[in-house]
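In what follows, a structure is listed as C-alpha cells, so that the remarks can point back to it.
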Amino acid sequence: MISLNYEEEFSEIAKNLKASEIRELLKFTQQPDIISFAGGLPNPKSFPVEKINSIVENLLKKEGASVLQYGSTEGVNSFRDTLSEFVNERYNIKTKRENILITAGSQQALYLLAKIFINPGDHVIVEAPTYIGVLTAFQSYSPKYIAIEMDDNGMDTHLLEEKLKELKKDGIKPKLLYTIPTFQNPAGVTMSLDRRKHLLELAEEFNLLVIEDDPYGELRYSGESLPILKSMDKNGQVIYLGTFSKILAPGLRLAHMIANEEIIHKAVLAKQGIDLCTNTLGQYIARDYIKGGYLIEHLPNIIRLYKGHRDLMLDMMEDEFPENVRWTHPDGGMFLWVTLPPKIDAEMMFKKAIAHKVAYVIGSAFFPNRDHKNTMRLNFTYSTEEQIKEGIKRLAEVIKEEIS
Ligand SMILES: Cc1ncc(COP(=O)(O)O)c(C=O)c1O
C-alpha cells in the first residue's frame with residue numbers, strides 16, 4: 001500500500017484555493033442562540049412553495065419525462081424565449097434567445113466570465129467594497145484588482161476616470177469592470193443615473209467590458225427606479241447578470257447571462273466542461289412561473305416583507321447606535337453597511353459580538369486588500385422582526401463597549 005501525499009498532488013490552482021477566514025468566522029454565527037445579520041439569505045417566507053408545487057405537478061402531468069431530461073448547455077429554449085420577452089419589456093432592452101445563457105446561479109456566470117476573459121495578472125476593476133463571491137470566482141485566474149471607492153451614489157466614476165487615465169499612461173488596459181449598480185452587496189447603495197451614463201462613456205472611451213451584476217434590482221422599497229446599464233449599452237460592452245435566487249428561490253440555482261452572441265458562445269463552451277447544462281426542471285418551473293404571471297404577482301409580497309424589515313432595522317439603529325456610527329440607507333436589496341469610528345476594528349470586535357450572541361460580517365472581507373477595518377455588513381432580510389429588534393440592541397451594546 002502506498003500512501004499519497006495529496007498536498008503534493010494538487011494542481012497549482014488547487015494549492016491556491018484557501019478557505020476564507022470569513023467562512024471560518026461565519027461558523028460561529030450558526031449557533032442557534034445567535035442572532036445573525038451575517039448571512040445573505042432571502043427570507044424563506046418569500047418562497048412561493050404552494051405555487052411551485054402546483055407548477056411541478058402540472059409540468060409532470062402535461063410534459064412528462066421531458067422536463068427531467070438533459071437540456072442544451074445554453075438553456076431550455078422556451079425558457080430563454082420567455083425570459084427574453086420578460087426582460088425586454090421590463091428593462092427596455094432588445095435581447096434574443098441567442099443572447100441568453102442560463103447558468104447555475106450568477107455565481108457560475110461569474111466563474112465562466114473569469115474563465116473566458118482573465119489571464120493571470122490581468123487588471124480587473126471592482127467597487128470598494130465588492131461582493132466576496134466575485135473574488136472567490138475569479139481567484140483561480142489570479143487577476144490584479146483595482147478597487148474604486150464608492151459613496152452614497154455608488155462607484156465614484158470620477159475616481160474611475162482618473163484611474164483609467166493613469167493606467168493608460170502606464171500602458172495598462174483593464175480586462176473587466178465588475179459592478180453591482182443597484183442596491184449593492186455589501187454597501188446597499190445605488191449608482192446614480194449620471195454616474196451610470198459616465199461609466200458607460202468611460203467604458204466606450206477606454207474600451208472596457210462591463211459586468212453588470214443585478215441580483216437585487218427588482219427588490220426596490222423606496223425611490224425611483226433607474227435604467228439598467230445594459231439598456232444604455234450601445235456597443236455590446238455590458239454583460240448583464242440576473243438571477244432567480246432573490247425573487248423566486250436560490251435552491252433552484254437559476255440565473256441568466258445576457259450578452260453579445262460571441263461572448264455567450266464562448267461561455268457555453270466553458271460551461272460544457274463544468275456541468276453540461278443547468279438543472280432542467282428548474283428552468284421549466286421558472287418558465288411557467290413567469291408565463292403564468294406569478295412572478296409579477298408575487299414580487300410586491302416580497303417587497304412588502306423586506307421593506308418592513310429594512311425600516312425596522314433602520315429605526316432601531318437610529319434609536320440604539322451611538323452618535324459617531326454611520327450607516328447607509330438602502331432603497332432596496334438585502335444589506336446595509338455600517339462605518340464605525342476609525343479606531344474600531346470590526347474584526348477584533350467580532351468575538352465580543354459573538355459573546356453577546358449577535359453576528360455580522362466584518363467589512364474588510366469585502367475589500368481585495370482587506371482594509372477598512374472599521375466597517376461591517378448587516379443583512380435585514382433573513383431575521384424575524386423580533387430578532388432584528390433584539391439583535392440591534394445587542395449590537396449597539398457591543399459597539400458602545402468597544403468605543404468606551
Ligand atoms: C452581488 C451578487 N452576485 C451574485 C450572487 C450569487 O447569486 P446566485 O449564484 O445565487 O445567483 C450574489 C448572492 O448573494 C450576490 O450578492
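Remember, it's a predicted structure, so these values are computed and weren't measured experimentally. Both counts, for ligands and for their atoms, begin at 1 and track the order of listing.
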For Asn374 and Leu340, indicate whether the former's side chain and the latter's backbone hold a donor-acceptor pair under 3.5 Å.
-> yes

Geometric cation-pi criterion, Arg310 with Phe380: 6.0 Å, 45° | no

Could you tell me whether Glu262 and Lys266 have a side-chain N and a carboxylate O separated by less than 4.0 Å?
-> no

At a 4.0 Å cut-off, with the gap strictly under it, does some heavy atom of Gln184 reach an atom of ligand 1?
-> no

Select one of side chain, backbone, both or neither to describe which atoms of Ser106 lie under 4.0 Å from any atom of ligand 1, heavy atoms only.
-> both

Proximity flag Pro215 to ligand 1, non-hydrogen atoms under 4.0 Å | yes

Where does Phe183 meet ligand 1, judged by heavy-atom distances below 4.0 Å: at the side chain, the backbone, both, or neither?
-> neither

Provide, to 0.1 Å, the distance between atom 9 (O) of ligand 1 and the closest protein heavy atom, together with that atom's residue and name.
-> Arg253 NH2, 2.8 Å

Does any N or O atom in Gln108 lie less than 3.5 angstrom from one in ligand 1, N or O only?
-> no

Just by distance, with hydrogens left out, do Gln107 and Tyr131 show a side-chain donor and acceptor under 3.5 Å apart?
-> yes

Are Tyr178 and ligand 1 in contact, using a heavy-atom cut-off of under 4.0 Å?
-> yes

Please check if the distance between the ring centroids of His372 and Phe367 is under 6.0 Å.
-> yes

N or O contact, Tyr216 vs ligand 1, cut-off under 3.5 Å | yes

Is the Phe244-His256 ring centre distance short of 6.0 angstrom?
-> yes

Quick one: do Thr182 and Arg196 satisfy side-chain contact (heavy atoms from CB on, under 4.5 Å)? Show the steps, please.
-> CA-CA 10 Å; Thr182 311; Arg196 284 172 195 241; 2.9 Å; yes

For ligand 1, which atoms have a heavy atom of Gly105 less than 4.0 angstrom away?
-> 8 (P), 9 (O), 11 (O)

